[in-house]
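Below, chain A is the first sequence line, B the second, and so on; all start at residue 1.
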Number of protein chains: 2
Amino acid sequence: MLVKSEQAITNADRTFFQLRKDIVEGVIPAGSKLSEMELSTKYEVSRAVIREAINRLATCHLVERKANVGARVVALSPEGLIQLYQVREALEGMAARLAARNMSDDEIADMQALLDSHFDKVKDGQSYYQEAGDVDFHYRIVTGSKNDHLISVLVDGLYHLVRMYRVQLGMAGPRVSTAFDEHRHIVNAIANRDEELAEMLMRRHILYSKNNIEKKLNNG
Amino acid sequence: MLVKSEQAITNADRTFFQLRKDIVEGVIPAGSKLSEMELSTKYEVSRAVIREAINRLATCHLVERKANVGARVVALSPEGLIQLYQVREALEGMAARLAARNMSDDEIADMQALLDSHFDKVKDGQSYYQEAGDVDFHYRIVTGSKNDHLISVLVDGLYHLVRMYRVQLGMAGPRVSTAFDEHRHIVNAIANRDEELAEMLMRRHILYSKNNIEKKLNNG
DNA sequence: AAAAATTATAATGTCGACAATATATGCCTG
DNA sequence: CAGGCATATATTGTCGACATTATAATTTTT
């Protein structure tokens, strides 16, 4: 599930990953305060490594820190989610464009094979696709852009926030088969090296997701 | 010159700002190693605050850190600059679109006034425009998007890297009057609430800048 | 009694020392 | 003499204690 090998070397790494997981999955509730002392006893490390972990979380925008006051887990808001998707639209649209330019033929073939395997599972009625499959797909395109800044902002930053929203607002939801078709079209555009179309399709794909989520938020 | 009031509260803040300045302006050379001990004596603070500052710089992508080894200032490369401009194109294009949607009439009027004042200076042959004027313009549009993620990624992250490239590769350059016209067109589109056009013009504006820079790198 | 000022408390910010790791040096072996 | 291994050194990672700041409680004053 964790595609990029983010292996923890130091204690601060481990604590950072653990804290991030707990925040994304809601074990540590959104909006709650992060006490350095409390966490240092809970995770059995010194305050210094907790501080470092919290600082890293702050740069991911998973927590907000105020000087001499402390850090709080970010609060989830509909506007925040919308804004997230606006940035995703811009960034992943560009990623699709660059993927059409820079991915190797082999990488594209791999991605097509991945999509085929997903199709089999969707066909069998497995709801597996939604989470891991979607993540895989978007992740491949982003890395396929070969643009380090793009990769970093999305993979290290926004995706964790997106997952936090998904998990905590219970967006397991549908849009499985339709999203699958959209994925297929995007990959085709990339295979044809059609940058313009790849970007446009990706932007619309993300826009649809956003609209779908907005609808859910307003109804439920 | 510093539009957003990034006021330093703590020592770590001050050290972070100072280090960032020294790196961006090349006082600390690109690619050089950042020794914690050395810096702690030089800046007269403890290693802890140096570490925190370096960590923050790492998340701005101004330095790269390896566990148990240390941190180095990033190396400047033509590819890196190109990649930066690709991300800018995507992000600032979206910012222009959102600015056309979300800026208040007053904010737009202010921005037009700003452009007028810039025009006067360009007309008088002052080369003032290039640096501060360009920064001001882009900054206003980004903040006008009202999208916190967008603002943060650009203002806290990419812009400092862009400035580092500009300063250290000596991109004081021309493109003044033509860029000014492009700015004018973008503001007009925003004033007309034409999201589509605003985004397209901003993307082309940044693309032109990129091409201009590429040409310089290849020639000189 | 209400509001302001002051003290008390508890958190974050900062520091210097110790532990663990990576690199450099020198030694031993083939 | 070359290559690998062991040691030495220096740097980063981690820790607990102290300093400083913000918040809460208490007292004082109007």
Side-chain angles (χ1 to χ4, degrees), chain A residues 5-23 27-75 156, chain B residues 4-23 27-75 152 156:
Chain A
S5 59
E6 276 184 319
Q7 61 178 347
I9 304 292
T10 164
N11 272 343
D13 292 334
R14 269 183 289 279
T15 309
F16 168 61
F17 292 138
Q18 183 65 45
L19 262 175
R20 188 176 62 185
K21 185 166 180 271
D22 289 346
I23 288 173
V27 176
I28 301 176
S32 64
K33 188 172 191 309
L34 292 177
S35 163
E36 294 181 358
M37 285 200 321
E38 189 181 326
L39 292 175
S40 88
T41 62
K42 185 175 176 184
Y43 290 91
E44 293 176 326
V45 287
S46 95
R47 258 188 63 216
V49 346
I50 293 286
R51 270 181 76 81
E52 180 169 337
I54 289 181
N55 277 330
R56 289 202 225 170
L57 290 168
T59 64
C60 299
H61 296 272
L62 285 170
V63 316
E64 286 169 346
R65 150 163 271 170
K66 271 200 299 185
N68 291 316
V69 174
R72 308 190 78 87
V73 179
V74 294
D156 298 333
Chain B
K4 180 185 177 188
S5 59
E6 277 183 317
Q7 63 178 348
I9 304 294
T10 164
N11 272 344
D13 291 335
R14 267 182 291 279
T15 308
F16 168 62
F17 292 138
Q18 184 64 45
L19 262 175
R20 187 176 64 185
K21 184 164 179 272
D22 289 346
I23 288 173
V27 177
I28 301 176
S32 63
K33 189 172 191 312
L34 292 177
S35 162
E36 294 181 358
M37 284 198 322
E38 190 181 327
L39 292 174
S40 88
T41 61
K42 184 175 176 183
Y43 289 91
E44 293 177 328
V45 287
S46 94
R47 258 188 63 216
V49 345
I50 292 287
R51 273 181 72 82
E52 180 168 339
I54 289 181
N55 278 329
R56 288 203 226 170
L57 291 169
T59 64
C60 299
H61 295 272
L62 285 170
V63 314
E64 286 169 347
R65 150 163 272 169
K66 270 199 299 184
N68 290 316
V69 173
R72 308 190 78 85
V73 179
V74 294
S152 162
D156 297 333

Colleague: Between protein and nucleotides 16-20 of chain C, what N or O pairs are separated by less than 3.5 Å?
Modeller:
none

Colleague: Should we say atom NZ of B:K33 is surrounded by more than 12 heavy atoms from elsewhere, each under 6.0 Å from it?
Modeller: yes

Colleague: What is the distance, rounded to the nearest whole Å, between atom CD1 of B:I54 and atom C1' of D:dT12?
Modeller: 10 Å

Colleague: Give every residue pair that meets the salt bridge (charged side-chain N to carboxylate O under 4.0 Å, His left out) criterion with at least one member in residues 52-62 of chain B, sequence neighbours excluded.
Modeller: A:R51-B:E52, B:D13-B:R56, B:E52-B:R56

Colleague: For A:A67 and A:N11, take the nucleotide of DNA chain D holding the closest heavy atom to each; which residue's nucleotide lies nearer the 5' end?
Modeller: A:N11

Colleague: Who are the side chain to side chain contact (heavy atoms under 4.5 Å, CB included) partners of B:T41, not counting sequence neighbours?
Modeller: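 If we apply the side chain to side chain contact (heavy atoms under 4.5 Å, CB included) test to B:T41, skipping adjacent residues, there are no hits.
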
Colleague: I'd like a list of close polar pairs between nucleotides 5-7 of chain C and the protein, N/O only, cut-off under 3.5 Å.
Modeller:
none

Colleague: Sequence neighbours left out, what passes side-chain hydrogen bond (donor to acceptor under 3.5 Å, both in side chains) with A:N68? Give chain and number order.
Modeller: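 For A:N68, no residue satisfies side-chain hydrogen bond (donor to acceptor under 3.5 Å, both in side chains) once neighbours in sequence are set aside.
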
Colleague: With B:S152, which residues qualify under side-chain hydrogen bond (donor to acceptor under 3.5 Å, both in side chains), at least two apart?
Modeller: A:H61

Colleague: With sequence neighbours excluded, what pairs up with A:E38 under the side-chain hydrogen bond (donor to acceptor under 3.5 Å, both in side chains) test?
Modeller: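 By the side-chain hydrogen bond (donor to acceptor under 3.5 Å, both in side chains) rule, A:E38 matches no residue at all.
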
Colleague: Among residues 29-40 of chain A, which contact DNA chain C at a heavy-atom distance under 4.0 Å?
Modeller: A:K33, A:L34, A:S35, A:E36, A:M37

Colleague: What pairs with B:R47 under salt bridge (charged side-chain N to carboxylate O under 4.0 Å, His left out), at least two apart in sequence or on another chain?
Modeller: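 Salt bridge (charged side-chain N to carboxylate O under 4.0 Å, His left out) list for B:R47, sorted by chain: B:E36.
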
Colleague: Run the side chain to side chain contact (heavy atoms under 4.5 Å, CB included) test against B:E64 and tell me which residues pass, sequence neighbours left out.
Modeller: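 In terms of side chain to side chain contact (heavy atoms under 4.5 Å, CB included), with neighbours along the sequence ignored, B:E64 is linked to B:V74.
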
Colleague: Between the axis at one end of the helix from C:dA1-D:dT30 to C:dG30-D:dC1 and the axis at the other (five pairs apiece), what's the angle to 10 degrees?
Modeller: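 Roughly 0° between the end axes, to the nearest 10°.
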
